[in-house]
Each structure stands twice: as structure tokens, then as C-alpha cells.
There are 2 protein chains.
Amino acid sequence: MFIGSLGGVNGSEVLIFVMALVIGLITLVVRLGRKGLGGAAVEDLDVRTAPPKGTVTQRAIDQIKAMIADGLLGPGQRLPTERDLAVQLGVSRSSMREAVRALTFMGVLEARHGSGVYVTQLAAGDLLESFGVVADLSRGPQMVELLELRKVLESTAAALAAARIDADQLAEVERHLRAMDTTDDTEEILAHDVAFHRAINEAAGNDTMAAVLEGLSSRTFHTRVWRGYQEEGAIERTRREHARIHRALVARDPEAARVAAAVHVGEVEQWLRERLAEGA
Amino acid sequence: MFIGSLGGVNGSEVLIFVMALVIGLITLVVRLGRKGLGGAAVEDLDVRTAPPKGTVTQRAIDQIKAMIADGLLGPGQRLPTERDLAVQLGVSRSSMREAVRALTFMGVLEARHGSGVYVTQLAAGDLLESFGVVADLSRGPQMVELLELRKVLESTAAALAAARIDADQLAEVERHLRAMDTTDDTEEILAHDVAFHRAINEAAGNDTMAAVLEGLSSRTFHTRVWRGYQEEGAIERTRREHARIHRALVARDPEAARVAAAVHVGEVEQWLRERLAEGA
DNA sequence: CTCCGCCGAGTGATCCGATGAACATTCAGA
DNA sequence: TCTGAATGTTCATCGGATCACTCGGCGGAG
């Protein structure tokens with residue numbers, strides 16, 4: 001096409017110019033039309049859209065959220081296609097996609113390629129899946145705060161689990177406990193350590209709390225903290241502390257479980273606190 | 001410009017053509033080079049890119065996250081422009097934008113119009129700002145779980161605050177306490193109620209915990225739950241419970257504060273639990 | 001009649017180019 | 001020296017095109 005236009009004067013340039021002009025006019029008309037509508041007709045929607053608070057995408061996100069919160073969209077339900085939804089909300093598909101992507105990332109929506117966009121079950125696990133980034137990206141004093149937070153929740157979960165755990169769940173806990181005792185591979189120990197706590201947290205019966213703890217115990221966070229911790233011969237101590245938690249669960253003793261879990265996480269917290277004091 | 005090119009043959013078209021050609025070639029070379037490198041040289045990067053796990057955007061998100069986690073990008077630092085970053089990660093600008101938007105929404109990045117994209121300070125508040133969605137979208141049994149979680153954290157925060165609160169912070173708490181006692185406007189009471197707890201949570205000295213509680217106490221959640229709760233003449237009881245928490249803070253009595261806060265949230269939790277049992 | 005594979009419509013995923021808007025920098029003039 | 005207008009850089013938004021995937025219908029084989 002370029003070569004053609006280089007060769008000599010032809011009609012294509014005129015065509016392009018006219019098209020650009022037309023497109024410009026259309027755009028102008030559309031914009032004026034949109035502004036015009038906002039003036040009077042759609043009052044109830046206007047309160048949301050007229051004050052252009054933030055970006056267009058942000059508005060789209062809020063509107064979709066509102067649709068779900070108001071019950072217009074239930075869990076598992078399918079949304080209109082991106083194209084239709086974009087028209088419906090008055091934004092372009094690109095902005096629409098960004099909104100959907102953001103909500104997808106937060107676990108509110110789920111996009112199935114070739115099928116459509118659906119609302120998730122809105123379970124705690126879905127919504128808190130992205131919670132892990134906090135743990136992944138925190139450093140320094142924030143890591144201590146995270147461990148303090150985890151100490152509180154983990155001890156509470158252990159206490160609840162001591163009261164509520166059933167035989168199957170206890171067997172699962174014991175399985176990971178034994179697996180940790182019978183290997184020296186650091187990676188394997190780490191994996192079973194995480195699984196050990198996860199089993200307890202799930203046995204506590206509060207899925208929301210378990211999901212938060214899941215985010216707090218993200219793999220990368222564990223790895224970063226414990227790399228140094230376990231080098232100091234803390235593996236044996238960790239094993240003893242796990243065994244103590246387990247005994248409390250078997251004994252159905254909530255307070256013992258609470259204390260044991262608090263001590264377990266508190267040890268790591270204290271170690272990290274001291275290490276930061278030195279490093280600084 | 002169009003009119004100019006219509007008038008006669010000039011050099012600009014040649015320039016444009018050459019530029020387009022060059023850009024095309026560069027793109028081609030980059031793509032071939034990437035594919036070629038993936039074969040052997042860059043093994044460690046290859047495990048991330050070669051198996052196209054998930055979507056392109058997801059990969060972009062993970063890569064940016066990795067850059068921050070690895071320290072290549074520090075808090076407050078400016079990222080390359082969208083165009084450069086898109087080329088660098090091998091995705092289009094649209095996908096790039098989606099990734100940036102997702103991270104912006106999570107509070108990891110911040111896009112300043114006309115200036116660039118920056119990494120936030122990565123404070124707990126930034127990262128947990130989107131946490132409120134969980135509270136906004138949960139319903140039924142999940143709301144009880146959220147209140148249970150809040151009971152644990154709020155009581156812990158109250159205990160910590162009793163030990164650490166200073167005069168200014170205590171004055172702030174008292175200000176909201178008095179404001180609640182001297183009005184009957186529901187909206188105003190609600191606002192000061194939230195502020196009352198926020199002041200205590202901030203005085204606890206754990207910003208991460210305060211940020212999580214902030215998300216758990218989102219305005220819409222409060223409104224939904226307390227609309228019914230306060231209709232049952234619970235306002236007076238709420239005032240008494242707040243006063244008790246305040247007395248514990250003044251007395252620097254952590255355990256009293258813990259119990260008072262636990263009772264305060266627990267009352268709402270129990271009420272909601274019963275209400276759900278009836279409704280179901 | 002039932003089952004299986006092919007195929008086209010529908011839909012999300014990705015890319016591209018263009019234009020507008022907000023901010024930052026530079027430079028001329030008072 | 002200070003101010004403000006011109007200029008450049010960058011994000012924000014848009015609409016179109018193309019690719020990849022899924023699902024349901026149709027026709028042929030058994």
C-alpha cells in the first residue's frame with residue numbers, strides 16, 4: 001500500500017482522508033450524544049457515572065461489583081459477552097476487559113476461553129487467593145507484622161481445631177507430621193510443614209480464616225523466612241513444637257493448642273525480629 | 001498533515017515507510033531471537049515463559065511481581081514506559097496495560113497520568129485496599145465467619161492498644177466515643193463507630209493488622225449487618241460496650257480490653273448467627 | 001436407532017494503531 | 001529572576017482485526 005502511494009498520486013489518499021474525517025465526525029457525535037443523555041434521562045445511573053470519579057475502568061469494576069452485590073448476578077451465573085457488556089456499561093471493550101481482568105484476578109469472576117465469563121462461587125478461598133501477594137512482596141518490619149498476625153490467627157485456629165477436629169482430619173495432620181519426621185530434604189519438610197498447618201486450619205471450621213492463613217503462609221514467604229531460620233538448627237525445635245500442637249489436638253485441649261501454636265509462630269517471629277535488629 | 005500529503009509528493013511518506021519497515025524487522029528479529037534463545041541459553045527464564053502457563057497477561061503480572069520481589073524494582077521506583085515494558089516482556093501494550101491495571105488495583109503499582117508507572121511504598125494499607133471486596137460480596141454463613149475473624153483480630157488489637165496507646169490516640173478515641181453519644185443520626189453514629197474502632201486498631205501498632213481490619217469493617221458490610229441489628233434497640237448496648245472498651249484502654253488493662261472487644265463483636269456475631277438460623 | 005467425528009457459530013485472548021488528556025520540561029519574555 | 005506558554009513524554013481510552021478455544025448441531029458409520 002505504501003509502495004502504491006509512493007508511485008504516484010492516486011485516490012487512496014483521498015479515501016483515507018475522507019474516512020478519517022467521517023470517523024472523527026462519528027466520534028464527535030457519539031460523544032455529544034453520550035453527554036446529552038447524561039443530562040436528564042438516566043438519573044439513577046447518572047449518580048454513578050456523572051461524577052467521573054476515577055478512571056473509566058474503575059467505574060466499570062464498581063458497576064459489576066454492584067451488580068453482584070445487588071443480586072443481579074449470582075454465583076456461577078454467566079455474564080453477557082464482553083462486547084455486549086461493554087456497550088451496556090458505555091465503555092470500550094479494552095476498558096471492559098481490564099475491568100473483567102481485575103475482577104478475575106481478585107477471584108470474583110472467571111473467564112472461560114471460548115465459553116464466556118462467569119461469576120465464581122464467591123467462596124472465601126476464591127476471593128482471598130490474591131491475598132498472597134501481600135506476603136510475597138512484604139519485607140523488613142512488615143514481615144514481622146505479618147508473623148504477628150499469623151500468630152494470632154494460627155493459635156485461634158488451633159484452639160478451634162482442638163474442639164472440632166474429626167478423625168479423618170486428625171489422620172491427615174498426623175500423616176504430614178510423620179512425613180516431616182522421616183525425611184531430611186528441606187523442600188519436602190517445607191511442603192509438609194505448610195500442609196500440616198493447612199490441615200489444622202481447615203479443621204478449625206472457618207473457611208474465611210483458613211483462606212487468610214493460606215495467603216499468609218504463601219510458599220515464597222515461608223521460603224524467604226525459613227531459609228535462614230532452619231539453618232540455625234531450628235528443625236528439631238520445629239519438630240518438637242509441631243508434636244506439641246498435635247498432642248493438644250489429640251487431647252482436645254483448645255487452650256493447650258492455642259499456646260502451642262502461638263509459641264510455634266512466636267519463635268519464628270522473635271527470631272526474625274532479632275535478625276532485623278542486627279541487620280539494621 | 002493529510003492535506004499536506006494530498007497537495008504533492010514529499011519525503012514524509014518515504015520516511016514513514018522506512019520506519020515501518022524497520023520496526024517490522026525489529027519485531028521479527030526480536031521474536032525469532034526469543035524463540036531461538038528459549039531452546040538452550042536462558043533455561044531459568046524458560047521455565048517461566050516456554051510452557052505458556054495461563055494467559056499472557058498472567059505471565060506479565062507474575063513477571064512484574066517477580067521483578068519487585070527480587071528487588072529489581074524498589075518502592076517508589078518508576079517502571080519503564082508501557083511501550084518499553086511491553087517489548088521487554090514480549091507482550092502487546094494492551095496485555096501490558098491489563099497487567100499493570102491488575103497490579104494497580106491490588107495496590108502494588110500506581111499509574112500517574114502523563115508521568116509514568118511507579119511502584120507504591122508497598123505498605124500494608126496499599127496492598128490490602130482491595131481486601132474490602134471480600135466483605136462487600138460475602139453473604140450468609142460467610143458473614144458470620146468474617147465476624148468471627150474480626151472478633152479475633154479486633155480483640156487482639158484492643159489488647160495491644162491498651163498497652164501501647166498514647167495520649168493523642170486516646171483523645172482521638174474519646175472524640176469519636178463522645179460524638180456517638182451525642183447524636184441520634186444513624187449515619188453519623190455508623191461513621192463514628194467505624195472511626196472509633198479504626199483509631200483503636202491504629203493504636204495497636206501493627207499496620208498490617210489494622211489494614212486487614214479496615215477491609216473487614218468496610219462501610220457496605222457494616223451497613224448491611226447493622227441495619228437490622230440496630231433496629232432492635234441495640235444502640236444503647238453498643239454504647240455501653242464501647243464505653244467498656246474505652247475504660248479498659250484508660251486503665252491500660254490489655255485483658256479487659258481484649259474481653260470487652262470480643263464481647264462487642266461477639267454480640268453482633270451471635271445476633272447474625274441466630275438471624276440466619278431463623279431465615280434459613 | 002445410536003454413537004462418533006467433523007465443522008461452523010459464538011466467544012474470549014491478543015494485538016495493533018490512533019487519538020485524547022494529564023503531567024513535566026524547556027525556553028522566551030517581562 | 002520569575003512566570004507562563006510551547007513542547008514533549010506518557011498514560012487513558014477507543015475501536016477494529018485476527019487468532020484460539022468451546023460447544024452444539026449435523027451427517028455418516030455401525
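We name chains A, B, ... by the order of the sequence lines, and we start the count at 1 in each one. These figures come from a predicted structure and were not determined experimentally.
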Report the residue (Arg83(A) or Ser92(A)) whose heavy-atom-nearest nucleotide on DNA chain D is the more 5′ of the two. Ser92(A)
Phe105(A) and Phe105(B) aromatic centres sub-6.0 Å: no
Rounding to an integer number of Å, can you tell me how far Arg97(B) CZ sits from dG20(C) C1'? 13 Å
How long is the line joining CD of Gln58(B) and C1' of dA13(C), in whole Å? 13 Å
Where along residues 103-117 of chain B does a heavy atom come under 4.0 Å from DNA chain D, residue by residue in number order? Ala111(B), Arg112(B), His113(B), Gly114(B), Ser115(B), Gly116(B), Val117(B)
Test item: side-chain donor near acceptor, Asp193(B) and His197(B), under 3.5 Å: yes
Among all residues two or more places apart in sequence or in another chain, which pass the salt bridge (Lys or Arg N to Asp or Glu O under 4.0 Å) test with Arg97(A)? Glu82(A), Glu98(B)
Using a heavy-atom cut-off of under 4.0 Å over every strand shown, decide if Thr81(A) touches base, sugar-phosphate, or nothing. sugar-phosphate
d(CG, Leu79(B); C1', dT9(D)) in whole Å: 16 Å
Let me know the distance between OH of Tyr118(B) and P of dA22(C), rounded to the nearest Å. 17 Å
The residue, Arg93(B) or Glu98(B), whose nearest nucleotide of DNA chain C is more 5′ is Glu98(B)
Within the pair Thr57(A) and dT13(D), is there a side-chain N or O less than 4.0 Å away from OP1 or OP2? yes
From CZ (Arg101(A)) to CD1 (Ile61(B)), nearest 0.5 Å: 6.0 Å
Tell me, do Val194(B) and His222(B) make a side-chain contact under 4.5 Å, heavy atoms counted? yes
Which pairs with one or both residues in residues 207-223 of chain A pass salt bridge (Lys or Arg N to Asp or Glu O under 4.0 Å), sequence neighbours excluded? Glu187(A)-Arg219(A), Arg198(A)-Glu214(A)
Does Arg101(A) place a side-chain N or O at less than 4.0 Å from the phosphate oxygens OP1/OP2 of dG12(C)? no
Value in whole Å for how far the C1' atom of dG16(D) lies from CE of Met96(A): 18 Å
Identify whether any heavy atom of Ser95(B) sits under 4.0 Å from a base atom; if not, whether one sits that close to sugar-phosphate; answer base, sugar-phosphate or nothing. sugar-phosphate
Within the structure provided, determine whether Leu79(A) and Asp84(A) are in side-chain contact (heavy-atom separation under 4.5 Å). no
Please report the distance, rounded to the nearest Å, between CD in Glu82(B) and P in dA22(C). 16 Å
